[in-house]
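Below is one structure, written out as structure tokens; the observations come after it.
Numbers restart at 1 for each chain; the letters A, B, ... are given by sequence-line order, proteins then strands. In this text the structure is predicted, and so the values were computed from the model without any measurement.
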2 protein chains.
Amino acid sequence: MSQQRVKECGHLLKDQGIPFTVQRRLVLEGVLSLKNHPTADQVYREVVSRIPGLSRATVYRTLETFARLGVITKLDHAGRAVRFDGRVDGHHHLICVRCDSVFDLSDQRLDDLPRPDTSAMGFEVTELRVQARGVCRACRDSRPSDESI
Amino acid sequence: MSQQRVKECGHLLKDQGIPFTVQRRLVLEGVLSLKNHPTADQVYREVVSRIPGLSRATVYRTLETFARLGVITKLDHAGRAVRFDGRVDGHHHLICVRCDSVFDLSDQRLDDLPRPDTSAMGFEVTELRVQARGVCRACRDSRPSDESI
DNA sequence: TTAAGTGCAAAAGCTTTGCGGGTAG
DNA sequence: CTACCCGCAAAGCTTTTGCACTTAA
């Protein structure tokens, strides 16, 4: 699929003296193939089928390394487990408040947001992310009205 | 401080047949007084000084109840622990990527964002939240350049 | 009396860490 | 040889849950 991305990231790691091991390559391929913003455990279950002896610790360590290097991103999400995103270009997300699903959202108008003026706080903004919260199709179909629990 | 909010929320609970116990009142006051988007444990430590026998479980249950009723909100945040926000009006956040601090951000231009067209996905957007990510003043002062680890 | 809230302790879920062995440069 | 990675197991932290007791309608 995105073998191009995989190769680029491999070079990026090697340039920093970080070996691009089999585990790291397959974890990367796993994150890139799972489009639904997977948890570390979901990545593990995807990758362990190709490396039977794989350890969860390796997956957690590897994902952390990738996030630190900017190869993947961690999602800001209220759920219990951290969720990862293979995309590192600026984009936005739809978040279903019922089932916690996350979908990618591309919208040129949202990309062109004005930078807020935070100079008074001394805060230096580097990136704007928009979260559009609401109800996804599946949840609306299964429970059309907003009954309480 | 915001005794007005506290009273309103008390009535809101009672209207739904949910007792506004001492614990619930003090947990609410705790969340409202902590301006830095506290974790459940931070709320617990704040409130336990006023109710010595207070249990963490009660704080977790109470915060969950409040969030479900819309009295407080859960923050979308990549950190390990869930963080809460006493504000329920639409507003935005500054997130420090170094220390994970969260600051409120009010910006009229961000409030006026265009709703993305998600009709093709069947996703019904109810709220837009903007996360401005970057580096806060304290972190910039302590480590001006972006050295790696 | 019935329903619900609370505290306690245990369990559950997610993540990190120490260590020993292995592997590549 | 050296440094780093990996798997394993244990520990750590956050959150949830079962149970008994209490409280209030």
Side-chain donor-acceptor contacts of residues 45-52 of chain A below 3.5 Å, not counting sequence neighbours, with atom names and distances?
| from | atom 1 | to | atom 2 | distance (Å) |
| --- | --- | --- | --- | --- |
| A/Arg45 | NH1 | A/Asp41 | OD2 | 2.2 |
| A/Glu46 | OE2 | A/Arg50 | NH2 | 3.4 |
| A/Ser49 | OG | A/Glu46 | O | 2.9 |

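- Following rounding to the nearest Å, A/Lys14 (NZ) and D/dC5 (P) show an atom-to-atom distance of 13 Å.
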With B for base contact, S for sugar-phosphate-only contact and - for none (protein heavy atoms under 4.0 Å), nucleotides 11-23 of chain D reads -BSSBBBB-----

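- A donor-acceptor pair under 3.5 Å is formed between the side chain of B/Arg140 and the backbone N or O of A/Gly122.
- To the nearest angstrom, C1' of D/dC6 lies 9 Å from CG of A/Leu54.
- Counting only heavy atoms from C-beta outward, the side chains of A/Leu63 and A/Val27 approach each other to under 4.5 Å.
- Proximity of B/Arg83 to B/Asn36: side-chain heavy atoms (C-beta onward) are nowhere separated by under 4.5 Å.
- Proximity of a side-chain donor or acceptor of B/Thr39 to a complementary backbone N or O of B/Val82 within less than 3.5 Å is not detected.
- Pairs passing the ring-ring contact (aromatic ring centres under 6.0 Å, His included) check and including a residue from residues 46-66 of chain A, sequence neighbours excluded, do not occur.
- Within the 4.5 Å cutoff, the side chain of A/His77 has heavy atoms near those of the A/Asp100 side chain.
- Per the geometry, CZ belonging to B/Phe20 stands 16 Å off P belonging to D/dA24, to the nearest Å.
- Distance B/Leu63 CG to C/dT6 P: 12 Å, rounded to the nearest Å.
- One finds no side-chain N or O of A/Thr58 lying less than 4.0 angstrom from the OP1 or OP2 phosphate oxygen of D/dC6.
- Within a heavy-atom distance below 4.0 Å of DNA chain C, no residue of residues 42-52 of chain A is found.
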Protein N or O to nucleotides 23-25 of chain C N or O, pairs below 3.5 Å:
none

Determine, stepwise, if the pair A/Phe20 / A/Leu28 fulfils side chain to side chain contact (heavy atoms under 4.5 Å, CB included). CA-CA 10 Å; A/Phe20 194 48; A/Leu28 179 57; 4.1 Å; yes

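- The backbone N or O of B/Val71 lies less than 3.5 Å from a partner atom in the side chain of B/Arg5, making a donor-acceptor pair.
- Using a 4.5 Å cut-off on side-chain heavy atoms (C-beta onward), B/Met121 and A/Cys136 make no contact.
- With sequence neighbours excluded, the residues that form a ring pair (Phe, Tyr, Trp, His ring centres under 6.0 Å) with A/His93 are A/His37, A/His91.
- A straight line from CD of B/Gln16 to P of C/dG5 spans 12 Å, rounded to a whole angstrom.
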